[in-house]
*Asks:* 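I am attaching a structure below and will ask some questions about it afterwards.
Everything numeric in this text was worked out from a predicted model, so none of it was measured. Residue numbering restarts at 1 for every chain, and letters A, B, ... go by the order of the sequence lines.
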Number of protein chains: 2
Amino acid sequence: MPETTRRADRLTGNRYGNRPTMKDVAARAGVGLKTVSRVVNGEPGVTPDTERRVQEAIDALGFRRNDSARVLRKGRTASIGLILEDLADPFYGPLSRAVEEVARAHGALLINGSSAEDPEREQELALALCARRVDGLVVIPAGDDHRYLEPEIRAGVATVFVDRPAGRIDADVVLSDNYGGARDGVAHLIAHGHRRIGFIGDMPRIHTAAERLRGYRAAMEDAGITVAERWMSLGATDPERVRRAAEEMLAGPDPVTAVFAGNNRVTVTVVRVLAERSRRVALVGFDDFELADLLQPGVTVVAQDSAALGRTAAERLFRQLDGTLIAPERIELPTRLVTRGSGELPPTD
Amino acid sequence: MPETTRRADRLTGNRYGNRPTMKDVAARAGVGLKTVSRVVNGEPGVTPDTERRVQEAIDALGFRRNDSARVLRKGRTASIGLILEDLADPFYGPLSRAVEEVARAHGALLINGSSAEDPEREQELALALCARRVDGLVVIPAGDDHRYLEPEIRAGVATVFVDRPAGRIDADVVLSDNYGGARDGVAHLIAHGHRRIGFIGDMPRIHTAAERLRGYRAAMEDAGITVAERWMSLGATDPERVRRAAEEMLAGPDPVTAVFAGNNRVTVTVVRVLAERSRRVALVGFDDFELADLLQPGVTVVAQDSAALGRTAAERLFRQLDGTLIAPERIELPTRLVTRGSGELPPTD
DNA sequence: TAGAGCCTGGACAACGTTGTCAGGTGCGAG
DNA sequence: CTCGCACCTGACAACGTTGTCCAGGCTCTA
């Protein structure tokens, strides 16, 4: 029985139970501590016979290496952190999955947390991850000031921002071409004859929302259309506000004949609102979503490849760790317009 | 400058960069090591003046406590592991989010990984998490033999299985009432006049799939209906097989007039198949999904509360850690039939 | 004014692992 | 037969933190 461990238990009340350590294995196998370490790590220089004895002791005791101690010694934790807005948002599913796959390919585990779009919580999480000495961080930022990460980055924590750029620090960023995508989507509506086009999006303090709004304005301007204030709704976060915004721009003397929805949650709500009305209103949404093709009509969207965002970011992170990377870069991934019917409806004045 | 750290760098090539340690902070503040520890942990017994000096040193050096070392000393990592099938599956989004919330409430971080429905990968992941000394594990099992976890559980790793039971070990389980839910769903179809009802589900080696199949059989038997072999499709994993299965049971001399879909992915594919046909076929699916209400007709589903599954499991895990819990238990959460139209269509013979 | 008690601060030894280095053994060649 | 060399093996000191315990200085009371 592991004497030292048991004593520690009594003293510190720890909860490892009675985990055997390498020392215990060594004692049982009648070898030195370091020999056990060698066997556990598959290092060369151990006789097959000795190895067998050690392996037997390991199995008998149910030993498992304590990676905390290992990390303390080696400096690398082989784990990376992922901070996103909401684990439950379907947009982030493929993204985190992609990050996980890349991490796995590099033998690293993924620790993740949701910021719930709260900058303070983002910071708290990021620093907690740094305290655990993750090797790197993939961050979908909620806040717009990331100077708090500077000491960490200097200390060697690889950092990549995804979906939205970092604030006030120079760091790697991987994002979609939000501006271009929105512009193309709106131009698509214009090409189908629309002139009074509404825009419903998130708060402009969120980078993606601002960029998409900018794309909307650019497309309108390119077509020589003057945008009326009441065609735009910006702080649309919860479904209720989106609903009100949509209803407002659909009513009145000069109602919009088409809507550009700034993200997938907005799109879904707008679809609901439109489903309740008889007048056919065109719709293009930013972000693809499952079943978009099965609705009546199918929903035309500007699709971004969230898995590619995650993959690119994670790969970049590991290249930072390799030392392959030098200067921070901004990578923009293209979007793709997927036409399904709702964006091709003609205007009905 | 931290002399010891820098030396370690040269020797081991570690990548902390030049992280200051408590020793460095102590030296700079002109106090003892333990005093710094006290300040960092908010322990009592430090003069305000000393505390200020220490705090200044911390800020100046950009010190952050190394939790790896802390863990090594304290025995608890304040982190729990979550193993699920696929991070990108929308069913698991709310579940992991719920687990994360509970973990956060207990000051713990969440490490998670996908097993990709591969038992070997599940085991690999679980043991890797144990090597990191997570305090507990929430597992959505892929395999059906979890004896490999026995030493870990004995060593004090709290463990809760969700969505599917553990195999060959006695452990806490939280699951939905798959049997009852499926039975109710099928009974609903029968109540609307259907007798030839198809069932498309996953491989029966997956517990949920087997239970739902059992529920289907029970409902049919209760109604005195003899189930024909060709009404059932079991190993339906990928969309292509689901499609073929659906098409087969919809064709032939005695086609089914209703389909019960064994999970959300099956449901979605069946919706697609039905959308291509003129004959109205009733449909009830297990699992709710976004936009189910917006399809034509709305899809009737047996909804399970995946967030509640996650929350219940995580809470139980922390109660294990508190020592409040003694014997493993099996908790079954009720499902809810949500009628939206597709399940109320009459049979068209 | 002495003694008791409290508060603050620091020395030290763990926690479980791995890198370094030196000792020991066996084998082949000269 | 002896020397050298390759190969195994184990002792030891880190890694950065925290629990224990003791020393000194202070206040308060008899």
Side-chain angles (χ1 to χ4, degrees), chain A residues 2-16 18-27 29-51 53-54 61 63-77 131-133 155, chain B residues 2-16 18-27 29-51 53-54 61 63-77 131-133 155:
Chain A
E3 179 51 36
T4 58
T5 313
R6 196 186 293 147
R7 193 163 70 82
D9 269 5
R10 276 201 304 273
L11 293 176
T12 65
N14 89 27
R15 291 277 312 203
Y16 281 176
N18 264 344
R19 285 262 184 203
T21 71
M22 284 192 178
K23 202 157 136 193
D24 302 318
V25 175
V31 301
L33 184 54
K34 181 66 215 216
T35 302
V36 176
S37 171
R38 276 193 269 261
V39 171
V40 169
N41 294 295
E43 285 169 30
V46 180
T47 337
D49 180 57
T50 313
E51 176 167 356
R53 283 214 323 283
V54 171
L61 294 174
F63 167 80
R64 185 163 321 284
R65 180 178 65 197
N66 184 332
D67 275 353
S68 297
R70 175 168 223 249
V71 158
L72 180 59
R73 196 54 239 255
K74 302 202 75 145
R76 283 287 192 102
T77 55
R132 291 190 191 219
R133 298 295 187 265
Chain B
E3 178 53 34
T4 59
T5 313
R6 197 186 290 145
R7 194 164 68 83
D9 270 5
R10 275 201 306 272
L11 293 176
T12 65
N14 89 25
R15 293 274 314 200
Y16 280 178
N18 265 344
R19 284 258 185 207
T21 71
M22 284 192 179
K23 201 158 137 193
D24 303 318
V25 175
V31 301
L33 184 52
K34 181 66 213 217
T35 301
V36 176
S37 172
R38 276 193 269 261
V39 171
V40 169
N41 294 296
E43 285 169 29
V46 181
T47 339
D49 181 57
T50 312
E51 175 166 357
R53 284 215 321 284
V54 171
L61 294 173
F63 166 81
R64 185 162 322 282
R65 180 179 64 196
N66 184 333
D67 275 351
S68 296
R70 174 167 224 251
V71 158
L72 180 59
R73 195 55 239 256
K74 302 202 76 143
R76 283 286 192 103
T77 55
R132 289 187 192 221
R133 297 295 187 268

*Asks:* What's the angle between the local helix axes at either end of the helix from C:dT1-D:dA30 to C:dG30-D:dC1, using five pairs per end and rounding to 10 degrees?
*Replies:* 50°
*Asks:* Hey, does A:Asn41 reach any base, or is it just sugar-phosphate, or nothing, if we go heavy atoms under 4.0 Å?
*Replies:* sugar-phosphate
*Asks:* Side chains of B:Met22 and B:Val40: does their closest heavy-atom pair fall under 4.5 Å?
*Replies:* yes
*Asks:* Taking only N/O atoms, report every protein-nucleotides 8-10 of chain D pair under 3.5 Å with atom names and distance.
*Replies:*
residue	atom	partner	partner atom	Å
D:dC8	O3'	A:Thr47	OG1	2.9
D:dT9	OP1	A:Thr47	OG1	2.6
D:dT9	OP1	A:Thr50	OG1	2.6
D:dT9	OP2	A:Thr47	N	2.9
D:dT9	OP2	A:Thr47	OG1	3.2
D:dG10	OP1	A:Gly32	N	3.3
D:dG10	OP2	A:Gly32	N	2.7
D:dG10	OP2	A:Thr35	OG1	2.5
D:dG10	O5'	A:Gly32	N	3.4
D:dG10	N7	A:Arg38	NH2	2.7
D:dG10	O6	A:Arg38	NH1	3.4
D:dG10	O6	A:Arg38	NH2	3.4

*Asks:* Taking only side-chain N and O atoms of B:Ser37, does any of them lie within less than 4.0 angstrom of OP1 or OP2 on D:dT17?
*Replies:* no
*Asks:* For B:Leu61, enumerate each residue passing the side chain to side chain contact (heavy atoms under 4.5 Å, CB included) test, keeping only those at least two apart in sequence or located in another chain.
*Replies:* B:Pro20, B:Asp24, B:Val25, B:Arg28
*Asks:* Is there a side-chain contact between B:Arg65 and the phosphate of D:dT18, meaning an N or O under 4.0 Å from OP1 or OP2?
*Replies:* yes
*Asks:* Roughly, in whole Å, what's the span from CG in A:Asp67 to P in C:dG16?
*Replies:* 14 Å
*Asks:* Less than 3.5 Å between a donor and an acceptor, one on the side chain of A:Arg73 and one on the base of C:dT18, is that the case here?
*Replies:* yes
*Asks:* Starting at NZ of A:Lys74 and ending at P of C:dG16, how long is that distance when rounded to a whole Å?
*Replies:* 19 Å
*Asks:* Considering non-hydrogen atoms only, spot the tightest contact between A:Gly30 and A:Arg53 and give its length.
*Replies:* O-NH2, 3.9 Å
*Asks:* Could you list the residues that satisfy side chain to side chain donor-acceptor pair (under 3.5 Å) with A:Arg70, not counting sequence neighbours?
*Replies:* A:Asn41
*Asks:* Could you report the tightest heavy-atom contact between B:Ser68 and A:Val71, atom names first, then the distance?
*Replies:* OG-CG1, 3.1 Å
*Asks:* What is the separation between atom CG on B:Leu72 and atom P on D:dT18, rounded to the nearest whole Å?
*Replies:* 11 Å
*Asks:* Let me know the distance between CD of A:Glu43 and P of C:dT17, rounded to the nearest Å.
*Replies:* 13 Å
*Asks:* Going by the rule salt bridge (Lys or Arg N to Asp or Glu O under 4.0 Å), which residues pair with A:Arg38 if we only count those two or more places apart in sequence or in a different chain?
*Replies:* none
*Asks:* What pairs with A:Ala26 under side chain to side chain contact (heavy atoms under 4.5 Å, CB included), at least two apart in sequence or on another chain?
*Replies:* A:Val31, A:Val36
*Asks:* Write down the atom of A:Arg133, the atom of B:Arg65, and the distance for their closest heavy-atom approach.
*Replies:* NH1-O, 3.5 Å
